[in-house]
There are 2 protein chains.
Amino acid sequence: MYLCRINKIVIFVCMNSLTEENYLKALYALGNEKGEVNVNDLSRRLEIKMPTVTSMMKKLAAKKLVHYESYKPLRLTEKGRKEAALIIRKHRLTEMFLVEKMGFGWEDVHPIAEQVEHIQSVPFFEKMDQLLGYPKVDPHGSPIPDRNGKVVWKEYQKLSECKVGETVKLSAVINTSEDFLRFLNSREIHLGLKVKIKAIESFDRSMKVSYAKRSDEILSHIVSDRLLVEKI
Amino acid sequence: MYLCRINKIVIFVCMNSLTEENYLKALYALGNEKGEVNVNDLSRRLEIKMPTVTSMMKKLAAKKLVHYESYKPLRLTEKGRKEAALIIRKHRLTEMFLVEKMGFGWEDVHPIAEQVEHIQSVPFFEKMDQLLGYPKVDPHGSPIPDRNGKVVWKEYQKLSECKVGETVKLSAVINTSEDFLRFLNSREIHLGLKVKIKAIESFDRSMKVSYAKRSDEILSHIVSDRLLVEKI
DNA sequence: GTACAAAGTTAGAAGAGTCAAACAAATGTA
DNA sequence: TACATTTGTTTGACTCTTCTAACTTTGTAC
């Protein structure tokens, strides 16, 4: 908490520390992934022991960022959700910038964005946004929250849930691990790709698909379950 | 200090903290500005009290980054100088990127680069360097250290030391404060500008110069003493 | 409905980075 | 040379973030 003077107007600016930002982000992500978030979940996600998480939750509760009650699931307040979304906005804008303007592959951007997202500078991210033409999604198809922390989730379907004969457009990936993205690269699978489902093996639910110049590619259920598509 | 495993090879990677990086950078800058650096100088530059500086010097000495002896001037070790130069490399590459690739003005880039310089990612800065075409200087004319921390200082002269009748090229600015740079903007003064010295007022050492479409501009000694030029 | 495992909390400690107060050395001046 | 000022150091304390150890609560299996 510090004072910021702008033309004789004094305002309290409450900066969250880098550590606090990471708790908020993890809380937000876990909430989206599984609804209820426990101290234990957060502890495992952040690789920080439970007592430390408990005490940080009390601190964030004091800052009105988290609703905290002993032994109850953790919930972000509206303020906490917004702050988390704004960090994720910076993360995803950065990922998009790294891919579109700097020539990185989608598999390499996460660790860099993880650091850049903590930079405190409104014009820096506004400029990125502008140079990118105000993108709605990041390189993995995840939505970029707007300046107010609002997120619009498009209704996607898992490729694994599609039927034989359908043709769909690949719009997002669920898993964004470097390994998985490298696997997709090796099969020339990228966002926007039109995929036709030619057959589904009921035994292991693997899919035979065709796309671009590849016909009869086999995708295991593990893979098709991590790809989000739109009907076309 | 942590272990880093690359294909079964285990190496010790000694990360300096953000705080340590700031001490190294300040020590490096002060050393260039005034030769001998005291605890007091560093204390004032970083706005950190002397006892804190003393204890950090002991810590950096233990890491072989600084030569520290009680009551003696502070000196960076070769290792310390290199690490500092590599941080400054990241700072200046960032400033150049912000100006050249993102459209910021030279007066606005410092606070952003101050944060970006701490990002730990070799490819991130390599990519910047490549996209910029391996620049030798930053937007203020300061040299960008190379990958090994080597710095090549060109021999510039202060505009204030030039003689009437000379025509020179503006190559760097000494003061990079936002105010000074905004002042230069208001007079349409930028790096690369050809300036002709028409007269010098011996009373206050102000200079009458002409450049671009402006003739008979008056620059105070305060200003001409902060501009570095090359003869042409 | 007890008993046990899992999850969560409390208490106490440690390291990093910071400070103020008190003391010590170095330096400049009379 | 001696005193005063500046500079530097030591000490002890505080905040932040983390940990381990010990204890409590919750929920589940029998």
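Hydrogens, waters and symmetry mates play no part in the numbers below; they use all other heavy atoms, side chains included. To find a chain, count down the sequence lines: A is the first, B the second, and so on, and within it residues start at 1.
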Nucleotide [N], atom [atom2] - distance to [atom1] of [X] in whole Å:
X: B:Asn22; N: C:dA16; atom1: CG; atom2: P; result: 17 Å
X: A:Tyr71; N: D:dT25; atom1: OH; atom2: C1'; result: 4 Å
X: B:Lys58; N: D:dT9; atom1: NZ; atom2: P; result: 7 Å
X: B:Leu74; N: D:dG8; atom1: CG; atom2: P; result: 8 Å
X: B:Glu69; N: D:dT9; atom1: CD; atom2: P; result: 11 Å

Checklist entry - With under 30° as parallel and over 60° as perpendicular, where do the rings of A:Phe97 and B:Phe97 fit, or are they tilted in between? => result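 If you compare the ring of A:Phe97 with that of B:Phe97, the planes turn out perpendicular.
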Checklist entry - By salt bridge (Lys or Arg N to Asp or Glu O under 4.0 Å), which residues pair with A:Glu47, not counting sequence neighbours? => result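 Partners of A:Glu47 under the salt bridge (Lys or Arg N to Asp or Glu O under 4.0 Å) test: none.
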Checklist entry - Between A:Thr54 and C:dG8, is there a side-chain N or O to OP1/OP2 distance below 4.0 Å? => result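 The answer is no; no side-chain N or O of A:Thr54 sits under 4.0 Å from OP1 or OP2.
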Checklist entry - For A:Pro143, which residues count as a side-chain contact (heavy atoms from CB on, under 4.5 Å) partner, sequence neighbours excluded? => result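 Per chain and number, A:Pro143 pairs via side-chain contact (heavy atoms from CB on, under 4.5 Å) with A:Arg92, A:Val151, A:Trp153.
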Show me, pair by pair, the donor-acceptor contacts under 3.5 angstrom made by side chains of residues 24-36 of chain A, not counting sequence neighbours?
residue : atom : partner  : partner atom : Å
A:Lys25 : NZ   : A:Glu114 : OE2          : 2.9
A:Lys25 : NZ   : A:Glu117 : OE2          : 2.8
A:Glu33 : OE1  : A:Arg45  : NH2          : 2.6
A:Glu33 : OE2  : A:Arg45  : NH1          : 3.2
A:Glu33 : OE2  : A:Arg45  : NH2          : 3.3
A:Lys34 : NZ   : A:Asp41  : OD1          : 3.3
A:Lys34 : NZ   : A:Asp41  : OD2          : 2.9

Checklist entry - Between B:Lys63 and B:Asn16, what is the shortest heavy-atom contact and its length? => result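 So the two residues come closest at NZ-OD1, 3.1 Å.
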Next on the checklist: Ignoring hydrogens, what is the shortest heavy-atom contact between A:Leu191 and A:Asp138? Give both atom names and the distance.
Outcome noted: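 Looks like CD1-O, 4.5 Å.
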Could you go through residues 122-136 of chain B and list every donor-acceptor pair under 3.5 Å that involves a side-chain atom there, pairing it with any protein atom two or more places apart or in another chain?
residue  : atom : partner  : partner atom : Å
B:Glu126 : OE1  : B:Arg147 : NE           : 3.1
B:Glu126 : OE1  : B:Arg147 : NH2          : 2.8
B:Glu126 : OE2  : B:Arg147 : NE           : 3.1
B:Asp129 : OD2  : B:Arg89  : NH2          : 3.0

Checklist entry - Reading nucleotides 13-18 of chain D 5' to 3', which nucleotides get B (base under 4.0 Å from a protein heavy atom), which S (sugar-phosphate only), which -? => result ---SSB
Next on the checklist: Expected output is a numbered-order residue list: members of residues 26-42 of chain B with a heavy atom under 4.0 Å from any atom of DNA chain C. What is it?
Outcome noted: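 Heavy-atom cutoff 4.0 Å gives no residues at all.
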Next on the checklist: Closer than 3.5 angstrom, by distance alone: can the side chain of B:Asn38 be matched with the main-chain N or O of B:Asn40 as a donor-acceptor pair?
Outcome noted: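 Such a contact is absent between B:Asn38 side chain and B:Asn40 backbone.
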